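The next block holds one structure in the form of structure tokens; read it before the comments.
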Amino acid sequence: LACRLPPNVQQSFPSLSFEQLHDSLPGISDTSWLRAMLRQQRKSEPLHAGLIALRLGELGADADFSEALGRFREAAKRQPSRVEAWYGLGRAQAARAKWEMQDPLRLGSRVGLGGLERAASYYARALLSDSSFSPAAVALATVELSLLDTVRLKQARELVRRTIGAAPDPGSELLLAWGRLERSAGTLDIALTAFTRYLASGDNRALGLLELARTLLGLGQAAGEAPY
């Protein structure tokens, strides 16, 4: 078992921060070990337990993500000002919504959409706790872009703008999400700024040029043909 786990998790699991555990868990696929760690953390560390339960859900060991939802709700109840609790709750709710959409026994055009809306509200709550927490801003933009509700897009846009302003160095993922959100909300001039900054970040140049071209064409500028 030990050889299959990242060394930093083996040696210092109890003392890992939320961010460290969040980054380490994707490399773990041993559900027996994860369940054992969940039992250890369930009452004392609901944030840690929520992340572990989320990973179990991703591995199919808790397909409806009910355990993750329960742990993150407990974390938010205990520490309502903790941005991680609301972010984790949003992730668990979004995963639950995806599971509902894939369930052939659930019928109706809005199956899972209510869950996505709740996930977005949790991400928004996270940003109210800490506007500089970029993972919640990226996740909020992603969910709202999938819902494509004009009113909701504009509300999310304001929160993401605050994150851009508060983050000392917005990462490329956030810049890309910001640009797409601005474009979908109809503010193409600001989207252009976002995609220009994304290109300057040096990440995926081809993707940046594509997004830039779409935005320029949306503005009616023939210059948009060149990046294609």
Side-chain angles (χ1 to χ4, degrees), residues 18-19 21-23 25-26 28-29 31 34-35 38 42 46-80 82-131 133-160 163 173-174 176-185:
F18 181 90
E19 291 77 11
L21 184 59
H22 178 276
D23 294 342
L25 283 172
I28 302 175
S29 57
T31 56
L34 288 167
R35 286 194 181 98
L38 178 60
R42 184 177 279 123
L47 274 176
H48 279 56
L51 283 176
I52 297 166
L54 192 61
R55 180 58 180 156
L56 281 167
E58 292 169 349
L59 294 170
D62 181 30
D64 65 356
F65 293 85
S66 56
E67 180 71 29
L69 282 166
R71 295 310 100 214
F72 282 123
R73 285 192 185 112
E74 178 63 24
K77 180 180 179 181
R78 289 191 192 183
Q79 296 179 293
R82 283 290 298 270
V83 62
E84 298 92 344
W86 297 105
Y87 169 66
L89 189 52
R91 283 197 57 195
Q93 186 63 70
R96 171 64 177 257
K98 183 178 179 180
W99 170 78
E100 290 176 350
M101 291 176 176
Q102 294 173 341
D103 186 349
L105 298 180
R106 293 175 181 265
L107 303 176
S109 60
R110 283 193 56 81
V111 170
L113 294 183
L116 287 177
E117 290 171 352
R118 285 191 293 276
S121 71
Y122 294 142
Y123 293 138
R125 179 63 179 79
L127 291 173
L128 291 177
S129 293
D130 182 358
S131 61
F133 191 71
S134 59
V138 172
L140 174 63
T142 300
V143 170
E144 293 296 1
L145 286 167
S146 71
L147 293 170
L148 286 179
D149 179 287
T150 303
V151 174
R152 296 181 62 93
L153 282 169
K154 290 180 179 179
Q155 292 171 343
R157 177 187 63 188
E158 297 309 310
L159 288 171
V160 173
T163 304
E173 188 177 16
L174 176 57
L176 183 63
W178 174 39
R180 288 171 170 171
L181 194 60
E182 293 284 359
R183 187 172 60 205
S184 295

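It should be emphasised that the depicted structure is a prediction, and the values quoted were computed from it without experimental measurement.
- Look at E67 and R42 and you find a salt bridge, because one of the NZ, NE, NH1 or NH2 atoms lies within 4.0 Å of a carboxylate O, short of that distance.
- Judged by distance alone, with hydrogens and angles left aside, the side-chain atoms of W86 form a donor-acceptor pair with the main-chain N or O of P80 at under 3.5 Å.
- For E173, the CD atom sits in a loose shell: 12 or fewer heavy atoms of surrounding residues, nucleotides or ligands are nearer than 6.0 Å.
- We find the CD1-CG distance between I28 and L59 to be 9.5 Å, quoted to the nearest 0.5 Å.
- Side-chain atoms of S184 never come within 3.5 Å of backbone atoms of L181 as a donor-acceptor pair (strictly under, hydrogens ignored).
- One distance of note links CG of D62 with CG of L38; it measures 9.0 Å at 0.5 Å rounding.
- Between L54 and F65 the shortest heavy-atom distance is O-CE2, 3.6 Å.
- In this structure, the separation between CG on D23 and CG on L51 is 10.0 Å, given to the nearest 0.5 Å.
- L21 places none of its side-chain heavy atoms less than 4.5 Å from the side chain of L47.
- The distance from atom CG of L145 to atom CG of L140, rounded to the nearest 0.5 Å, is 9.0 Å.
- Put simply, the side chain of H48 does not reach to within 4.5 Å of the side chain of R71, judged on heavy atoms.
- Looking at E144 and K154, their side chains never come closer than 4.5 Å, going by heavy atoms from C-beta outward.
- The two residues F72 and A92 come nearest to each other via the heavy atoms CD1-CB, 4.1 Å.
- Looking at every heavy atom in both residues, A126 comes nearest to A136 through CB-CB, 3.9 Å.
- Between Y123 and R91, some side-chain heavy-atom pair lies under the 4.5 Å cut-off.
- Minimum interatomic distance between L69 and Q93 (heavy atoms only, all atoms of both residues): CD2-N, 3.7 Å.
- Between E100 and R96 there is a salt bridge, since a side-chain N of the basic residue sits under 4.0 Å from a carboxylate O of the acidic one.
- Looking at S129 and R125, their side chains do bring a donor and an acceptor atom within 3.5 Å of each other.
- The CG atom of L89 lies 14.0 Å from the CZ atom of R82; values are rounded to the nearest 0.5 Å.
- In terms of modelled atom types and a separation under 3.5 Å, the side chain of S131 and the main chain of T163 share no donor-acceptor contact.
- Ring-plane geometry between H22 and Y87 is classed as tilted, the angle between the planes lying from 30 to 60 degrees on a 0 to 90 degree scale.
- With respect to the salt-bridge test (charged N to carboxylate O, under 4.0 angstrom), the residues E58 and R55 qualify.
- Inter-residue side-chain proximity for L113 and M101 is flagged as met; some heavy-atom pair is nearer than 4.5 Å.
- Nearest heavy-atom pair across L159 and A124 is CD1-CB, 3.5 Å.
- Going from atom CH2 of W178 over to atom OG of S134 covers 14.0 Å, rounded to the nearest 0.5 Å.
- L174 has its side chain within reach of V160: a pair of non-hydrogen atoms, C-beta onward, lies under 4.5 Å apart.
- Pairing each heavy atom of A177 with each of A141, the nearest pair is CB-CB, 3.8 Å.
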